[in-house]
Amino acid sequence: AIELWTEAAELGSVDAQYHLGFRYYTGEGVEEDKPRAIRHWQEAAMKGHTGSRHNLGIFEFNKGDHELAMQHWMISAKMGYEDS
């Protein structure tokens with residue numbers, strides 16, 4: 001699955017970017033690489049993927065940057081992502 005998501009992400013799929021971010025963040029099926037996960041979510045978020053934006057908010061909150069977390073959540077909420 002990683003190879004297919006990687007190929008799809010290279011072709012512009014924001015959903016693939018989201019899934020790659022999740023896998024690299026958790027280490028599920030790949031070696032854990034949180035910086036790489038964040039880059040995938042940032043790429044998807046900049047293209048309008050609300051789940052990725054929400055996850056960036058969680059990451060920033062856990063890091064202690066509550067203001068940036070709130071900004072991510074407000075953006076995704078305004079775009080209709082109910083979990084934000």
Side-chain angles (χ1 to χ4, degrees):
I2 297 298
E3 296 82 15
L4 293 175
W5 281 327
T6 300
E7 186 177 335
E10 289 170 357
L11 294 172
S13 170
V14 293
D15 287 329
Q17 291 278 10
Y18 169 80
H19 288 292
L20 284 169
F22 180 81
R23 298 297 179 193
Y24 281 108
Y25 195 83
T26 62
E28 189 175 321
V30 294
E31 186 175 334
E32 185 179 296
D33 186 345
K34 290 194 185 331
R36 189 172 187 175
I38 298 307
R39 285 193 303 274
H40 281 293
W41 285 337
Q42 288 171 334
E43 187 71 31
M46 287 187 287
K47 294 178 181 174
H49 193 273
T50 55
S52 293
R53 178 73 66 181
H54 179 79
N55 286 354
L56 289 170
I58 292 171
F59 174 76
E60 294 299 341
F61 183 86
N62 290 338
K63 221 172 65 172
D65 192 339
H66 299 162
E67 186 174 327
L68 184 54
M70 187 60 72
Q71 289 175 12
H72 283 301
W73 290 332
M74 291 300 293
I75 291 168
S76 60
K78 287 178 183 178
M79 295 174 72
Y81 195 75
E82 292 183 14
D83 288 348
S84 290

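Only this structure's heavy atoms are used, side chains among them; waters, hydrogens and symmetry mates stay out.
- With contacts defined as side-chain heavy-atom distances shorter than 4.5 Å, the pair Ile2/Tyr24 qualifies.
- The environment of OH in Tyr81 is crowded: more than 12 heavy-atom neighbours from other residues, nucleotides or ligands sit within 6.0 Å.
- Cluster membership for Phe22 and Leu56, using ILVMFWY side-chain heavy atoms within less than 4.5 angstrom, is shared.
- Contact record, Gly57 with Ala69: O-CB, 3.2 Å, taken as the closest heavy-atom pair.
- Both Tyr18 and Phe59 are members of a single hydrophobic cluster when ILVMFWY side chains are connected at heavy-atom separations under 4.5 Å.
- Scanning all heavy atoms of the two residues, the minimum distance from Ala16 to Ser13 falls at N-OG, 3.1 Å.
- Summarising the geometry, atom NE2 belonging to His49 is positioned 11.0 Å from atom OG belonging to Ser76; distances are rounded to the nearest 0.5 Å.
- Contact annotation: the side chain of Trp73 approaches that of Ile58 to within less than 4.5 Å [non-hydrogen atoms, C-beta and beyond].
- The only member of Lys78, His54, His72 that meets side-chain contact (heavy atoms from CB on, under 4.5 Å) when paired with Ser84 is His54.
- Summarising the geometry of Ala45 relative to Ser52, their closest heavy-atom pair is N-CB, 4.0 Å, with the distance given to 0.1 Å.
- More than 12 non-hydrogen atoms from other residues, nucleotides or ligands lie less than 6.0 angstrom from CD of Glu32.
- Cluster annotation: Leu20 is connected to Val30 through the hydrophobic network of ILVMFWY side chains, with a link wherever side-chain heavy atoms come within less than 4.5 Å.
- Of the residues His40, Glu10, Lys47, the one that meets the side-chain hydrogen bond (donor to acceptor under 3.5 Å, both in side chains) test with Gln17 is His40.
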